[in-house]
> 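To start, I am sharing the structure in question, which I have written as C-alpha cells.
Numbers here simply count residues along the sequence, with the first being 1. Indexing begins at 1, ligand by ligand and atom by atom, following the structure's order. The shown structure was predicted, so the numbers you read here are calculated from the model rather than taken from an experiment.
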Amino acid sequence: MAKKEEILDAAKKVASKAAQAAKEVAEVAVEKAAEVAKEVVKEAAKVAEAPKAEAKKAEPAKVITPKMAKIPEGPLEKKWTNYKDHQKLVNPANKRKLDVIVVGTGLAGASAAASLAEMGFNVLNFCIQDSPRRAHSIAAQGGINAAKNYQNDGDSVYRLYYDTIKGGDYRAREANVYRLAEVSNNIIDQCVAQGVPFAREYGGLLDNRSFGGAQVSRTFYAKGQTGQQLLLGAYSALSRQIGKGKVKMYTRYEMLDIVMIKDEQGEPRARGIIARNLVTGRIERFFAHAVVVGSGGYGNTFFLSTNAMASNGSAAMQMYRHGAYFANPCYAQIHPTCIPKHGDFQSKLTLMSESLRNDGRIWVPKKLEDAKKLQAGEIKGRDIPEEDRDYYLERRYPAFGNLVPRDVASRAAKERCDAGYGVNNTGLAVFLDFSDAIKRLGKDVVAQKYGNLFQMYEKIVDENPYENPMMIFPAIHYTMGGIWVDYELQTSVKGLFCIGEANFSDHGANRLGASALMQGLADGYFVLPYTIQNYLADQIGVPRMSTDRPEFEEAEKAVEAKIEKLMSIQGTESVDTIHKRLGLVMWDFVGMGRTAESLKTAIAKIDEIKKDFWSNVYIPGKADALNNELEKALRLADFIEIGRLMALDALNREESCGGHFREEFQTEEGEALRQDDKFSYVACWKYTGEDCEPELIKEPLDYEFTERKTRNYKS
Ligand SMILES: Cc1cc2nc3c(=O)[nH]c(=O)nc-3n(C[C@H](O)[C@H](O)[C@H](O)COP(=O)(O)OP(=O)(O)OC[C@H]3O[C@@H](n4cnc5c(N)ncnc54)[C@H](O)[C@@H]3O)c2cc1C
C-alpha cells in the first residue's frame, strides 16, 4: 500500500514538474510566437508601406522650399559667411583622389576648372572650340560690374544687390544675388592679380563707366574687349594647371550626354559624360566623381542672335532629360543696341556695346514725314535738326535717360518703330548719336573710349558713325533662364552642377549690363570651389569607375543611335533652313511682345518644325569624321525643344516682368505689369518623357529682405 502511495506521490511530482515545464515551454513559445508575430506584422507593415514610399519617391515635390534650395539661415549679409563656415571640406590628400569634369571654357568654365585644379582636384575640361580662348565669352565687350565704389559715387554691396534684384524685376533669389554682389569685389582683385589690363584713370586707379539700371559707375572695362581680356586671364590660370597636369584639356570635343550611375541607395548620380571628338567623329566615354556644366546660353534658339555660332542649348537639354529642372526658360534678353538685320542670308547679329549708351543719345524723328524720308534713303540722320529729334528715352525716363535697363530700352525702340518712326529702309532701327559727345569731349576722346566699336560698325554698315548717327535695333542677346540650381549651384540631379549663363542664376527676369561676366566669374572662382566640396566630401570613398560599365555602354549606344537616325534621314532641307524657320517663329511669336494667342501659335508651329526636322533634314558627309552639319543638326534638335519650352513657360507666366512682356499685362503707359500675388516664383520644368508635356514645379520667391516695387526709372 505504502509503495502504491509512494508511486502515486512520485507520479504527482513528475506530473507537476511536467506541467511546470510545459507551462514554461508554452510561455516561451507564446513569447517567441509573439516576437515572431511582431516581426511578421512589422514586415507586413513595411511591405504595405513600400508602394506608398515608392509612390512618394516617384511623386515630385511640387514646391521647392528654401531648405530644399539649401539657402542658409540668418541675415542676408551673413548667409554666405555662415555657409562657408559650416560647409564640409575635402582635405588635400582626398582632393587628389577625386575627378571633376568641367564642360565649357567660357569665363564660368575656365575659372572653375582652373580654381578646382589649383585646389588639388583632377579636372577634365571640355570645349567645342579649338582653344579654350575661343569660347563665346571672348565676345563680351562692355565690362564687368563690381561694388568697389572707386568713384566714390555712393556704391556699396547692398546697392549692387538692390540694383540687380530690381533690374531682374524681383524674380531672382535674394540670397544668391546678395552673394554675387558680395564676391564681385574679389573678382576684380583676382583679375588684376592675373594681369587683366583694365582701363585706368590718369592717376593709375582702375576706371569705371556706367551701365544700364544703375545710377553709379561700377563697370570695370578693358576698352570694348573686356570679355577677351578676362578670358585671357582665366586662360592663363587654366594653362598653368594644364601645364602641371592637373587639368586635362579636351578641345574640339562636344558632350552629347551625361552618364548617370545609381549609388548604393539607388539614387542616380552624374558620374561622367559621353563626348564626340569633333575632328574624328569618335564617340568617347569619360568618368568623374562630379560633372560641372558651364555651357553658356541658348539665345541661338532664335537663329539670329548676338551669340557665337557654336553657342547652344544642348548641354542644358541633356541635363534636363536626366531630371535637372529647366527654370524660367521664357526669360530671354533682347538687347537694345545691335546692328539692325540687313538681309535674309545673314547668320549673325552684331552687338554694339551698352557702354555706348554712356555717351550716345538715342532718338527717332519727331515727324513721321522725316521718318519716311529716312526710310526711303532721301535724307540722313544728321540732316534732321535738333528740334525735330525725339530723344524718347530721355523724355520717358528722365531719371535714367539712355541708361534704362535693356528690356525697357528695347521695348521703347519697338514702340517707336511700330508707330512708324523707324529710321532705316526696313523701318526697324533707331539712332544712337554721338554728335553731342563729340562736341563735348572731342573726337579723340570718343575714339579712345569706343574706337574699336566704331570701327566695327563702319566695317559692317559701311557708314562713318563719327559723321552720321549709328542705327541700332534690339536683338536676342542673353538668356536669364537655364538649368535650376540650388544655393550650392547643384542641379536637381546629384553630382551635376551648372554655372555661368547656363544656369537660371541671379538675374531674375532681366540681366543688367556687365553682370553676366560678374556672375560667370563669381560662380567659377568664388562660389563653386566652395560649394562643390560639400558634395565631394561624401564621395571620397567612391573609387574611380570603369567606363566599361553598362551605364556608359548604354549612354554611348543611345548617342550613336540618335546620330544614326539623323544621318539616315537624307531629306531635302538644310539644317540652317529649318533653324531659320524656327528663329522666325521665335522672333515673331515668342519675341519682344508675347500674347496667349501668339504663344499657342508658336507651340503649334514648333511642333510642325520638329516633325519636318526629323523627317526632312539633310546632313551631308559622314558621322565618323569632321562634320559641321551633323554638329549643327544635333544642336538644332535641342533648340527646337527649347523653343517649345520657352513658349510654354511664357504662356504659363500670365504677367509681364523684365524681358518677358505679355502684351495683355501692361500699365496704361505701356510698362510691364507684374502679378506678384500669382507669379512670384521660379518656374521649374521637369522632363517627363519625349513628346510629353513637362511638369511645372515652383520655387516661391518670398522676399524677406527686399520690398518689391513697381520698377521706376522715371524719377
Ligand atoms: C556680343 C556680346 C557681348 C557681351 N558683352 C558683355 C559684357 O560686356 N558684360 C557682361 O557682363 N556680359 C556680356 N555678355 C554676356 C556674356 O558674354 C556671357 O553671358 C558670358 O560670357 C557667358 O559665359 P559662360 O562661361 O557662361 O559661357 P560661354 O562663354 O558661352 O562658354 C560656353 C563654353 O561651353 C562650351 N560648350 C558648350 N556646349 C558644349 C558641349 N556640349 N560640349 C562641350 N563644350 C561645350 C563652349 O565650347 C564654351 O567653351 C555679352 C554677350 C555677347 C553675345
> Among Asp638, Ile258, Asp257, find the one that has a side-chain contact (heavy atoms from CB on, under 4.5 Å) with Arg321.
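Only one of Asp638, Ile258, Asp257 forms a side-chain contact (heavy atoms from CB on, under 4.5 Å) with Arg321, namely Asp638.
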
> State yes or no: are the ring centers of Tyr478 and His335 separated by less than 6.0 Å?
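Between Tyr478 and His335, the centre distance exceeds or equals 6.0 Å.
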
> Could you check if a side-chain atom of Ile274 sits within less than 4.5 angstrom of a side-chain atom of Ile283, using non-hydrogen atoms only?
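Yes - at least one pair of side-chain heavy atoms lies under 4.5 Å apart.
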
> Run through ligand 1 for me and note each protein residue having a heavy atom under 4.0 Å from it, chain first, then residue number.
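For ligand 1, the residues that come within the 4.0 Å heavy-atom cutoff are Val103, Gly104, Thr105, Gly106, Leu107, Ala108, Phe126, Cys127, Ile128, Gln129, Ala135, His136, Ser137, Ala139, Ala140, Gln141, Gly142, Gly143, Tyr253, Glu254, Met255, Gly294, Ser295, Gly296, Thr306, Asn307, Asn312, Leu351, His477, Tyr478, Gly500, Glu501, Arg511, Ala514, Ser515, Ala516, Leu517.
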
> Salt bridge or not between Arg179 and Asp506? Use side-chain N to carboxylate O under 4.0 Å.
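Looking at Arg179 and Asp506, the cut-off is not met.
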
> Can we call the ring centroids of Phe220 and Tyr150 under 6.0 Å apart?
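Yes; Tyr150 has its ring centre under 6.0 Å from that of Phe220.
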
> Is there side-chain contact between Trp587 and Phe303, with heavy atoms separated by less than 4.5 Å?
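No. Closest side-chain heavy atoms not under 4.5 Å.
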
